[in-house]
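Have a look at the structure below, then the notes.
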Amino acid sequence: MGEFRDRWTAVGLEHQVEPGSSNPAIVDGHPLAIWRGENGQPNIWHDRCPHRGMRLSFGFVRGDTLRCIYHGWGYESGGQCVSIPAHPELTPPKTICAKVYPATTRYGILWTNLADEPSSPLPDLGPEEGWHPLRSLYVNCPAETTADRLRGADCGVPDAKAGNGGDGIATIETGSGLTLLIAIQAVGADKAGLHVVARGEDARASGQRLELARKMQRLRCALEAQ
Amino acid sequence: MAIKLHDYGLSGSCYKVRLLLDFLELDYEVEKIDFYPGRQHKSLDFLEINPLGQIPVLDDDGTRLRDAQAILCHIANKYDASGRWLPHDPARFGQVMMWLMFAGGELMAASAARLHDVMGYRLDIEAARRNAHAAFRILDDHLTEREIEGGQWIVGEEPTVADIACFPYTALAGDGGIGHEDYPALRNWMRAFRRLPRFQPMSGIAEFT
Ligand SMILES: N[C@@H](CCC(=O)N[C@@H](CS)C(=O)NCC(=O)O)C(=O)O
Ligand code: FES
């Protein structure tokens, strides 16, 4: 039995993970490195170099290889170590491999599943198209409490109605046909990430999204004040 | 040489000044201060130079200045003919000032946490980390809004002294036990900053990422 439940969890917004970057994230206290090579493919790994345990989120991306910042060992998308700078003539043994988790995008959100054998379906809120990214933000509040509080929280959007989109997903709908999807990342005992995307006419222009992003800051204050 | 910087290699505040001097390709002389463990910045000789007992201090042709933010403004004002690093137009000047004050104010909580962890300073580390997170949240919110508008820098379409002043202690936060997990826009801004031409790394801040 693995440590983690079989469920998909949001870890960021797809557009904020730049090609050629490695980024840290935490899910249920478990550190992750999220990196994207020049080929655009996102990778989500345990944030631990198989060599001496350095955090791979501190590493740098060269082409489609992630290089550890400590001794420069290079890893390919599958997790396999492909180069050891101190021994350039050596083909690294197959056993040197980073711990790899699935990485999938839907609705502009990046998702992973830490279970040993993930089989649960991705969250489904209808068609993929039409969602605009708003922002990610983090609240000092546990994930379950955050989900509960979201129902009554003042986000400053007129006629907002909070709903439940399933495990770890909240929605906010307004009279004008705007839907906000809030994917909740359980970070640790007292922190949660909110990854927010929006659909509807009122989220089309960047000025409108800016306004909505500010409302999410207000929502964060409201969640933390309760 | 006209410009002399009283400098310590591991100081994030001195790094602010070195960054701008290098961006502008200015020649300067370095007077090394043995900050740790020597505490030379608290010596009688140094207190004559800066009664606050802090680095950086800049000597420039008879002008002596303390405070990294003031020094950045002085150098940009005097040596940057393009006016890019310290824009004077009303739409940007005030905002640049505002973020400079933030860099020398709220954001210095991240410096305090680092002084505690790296140099054994005695201070309330929990409060320092909490305040640093609060400051990073403010900056990440701002940079997120800039991203939505299609902007990459703290003020306007080009990097300014505000970006320089905010960069070091943001990038060095890990030394004080403060992670970047919660700040995606901050991370992307730091990467853009590192890619600037003539960017110079310092110990603890890699040249590329
Ligand atoms: N306001 C000054 C503060 C600079 C500062 O904190 N310098 C540190 C070294 S990085 C220092 O000299 N600390 C000694 C002290 O404050 O006693 C600035 O922004 O330049
Ligand atoms: S710890 Fe990663 S290469 Fe040595």
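We name chains A, B, ... by the order of the sequence lines, and we start the count at 1 in each one. As the structure is a computational prediction, the values presented were derived from the model and not from experiment.
The shortest distance between side-chain heavy atoms of A/N140 and B/H133 does not fall below 4.5 Å.
Taking CD of B/E147 as the reference point, atom CG of A/L210 lies at 12.0 Å (rounded to 0.5 Å). Between B/E145 atom CD and A/E211 atom CD the span is 8.5 Å, to the nearest 0.5 Å. Rounding to the nearest 0.5 angstrom, the gap separating the OG1 atom in B/T144 from the CD atom in A/Q217 is 7.5 Å. Note that the CG atom of A/L137 and the CG atom of B/D141 stand 7.5 Å from one another [nearest 0.5 Å]. Remark: B/E181 CD to A/D47 CG distance equals 8.0 Å, nearest 0.5 Å.
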Report the C-alpha separation of B/R191 and A/S21 in whole Å, then their side-chain angles, then the decisive distance to 0.1 Å, and conclude whether the side chain to side chain contact (heavy atoms under 4.5 Å, CB included) test is met.
CA-CA 8 Å; B/R191 262 190 293 273; A/S21 76; 3.2 Å; yes
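Interface check for chain B: of the options A/R214, A/R209, A/M216, the most heavy-atom pairs under 4.5 Å are formed by A/R214.
For the side-chain contact (heavy atoms from CB on, under 4.5 Å) with B/P184, the lone residue among A/H195, A/R135, A/Q16, A/E18 that qualifies is A/Q16.
The closest donor-acceptor contact from the side chain of B/R137 to the backbone of A/Y138 lies under 3.5 Å.
For A/P24 against B/H180, the heavy-atom pair with the smallest separation is CG-C, 4.2 Å. The heavy-atom pair separating A/A213 from B/I148 by the smallest distance is CB-CD1, 3.6 Å.
For B/R84, the CZ atom is loosely surrounded, since the number of other residues' heavy atoms within 6.0 Å does not exceed 12. Counting non-hydrogen atoms of neighbouring residues, nucleotides and ligands closer than 6.0 angstrom, the CZ atom of B/R198 exceeds 12 such neighbours. The local environment of OH in A/Y70 is sparse, with at most 12 non-hydrogen atoms from other residues, nucleotides or ligands closer than 6.0 Å. Surrounding NZ of B/K32 are at most 12 heavy atoms belonging to other residues, nucleotides or ligands under 6.0 Å away.
Contact annotation for A/R220: only side-chain heavy atoms (C-beta onward) come within less than 4.5 Å of a heavy atom of chain B. Neither the backbone nor the side chain of A/V11 comes within contact range of chain B, judged by heavy atoms closer than 4.5 Å.
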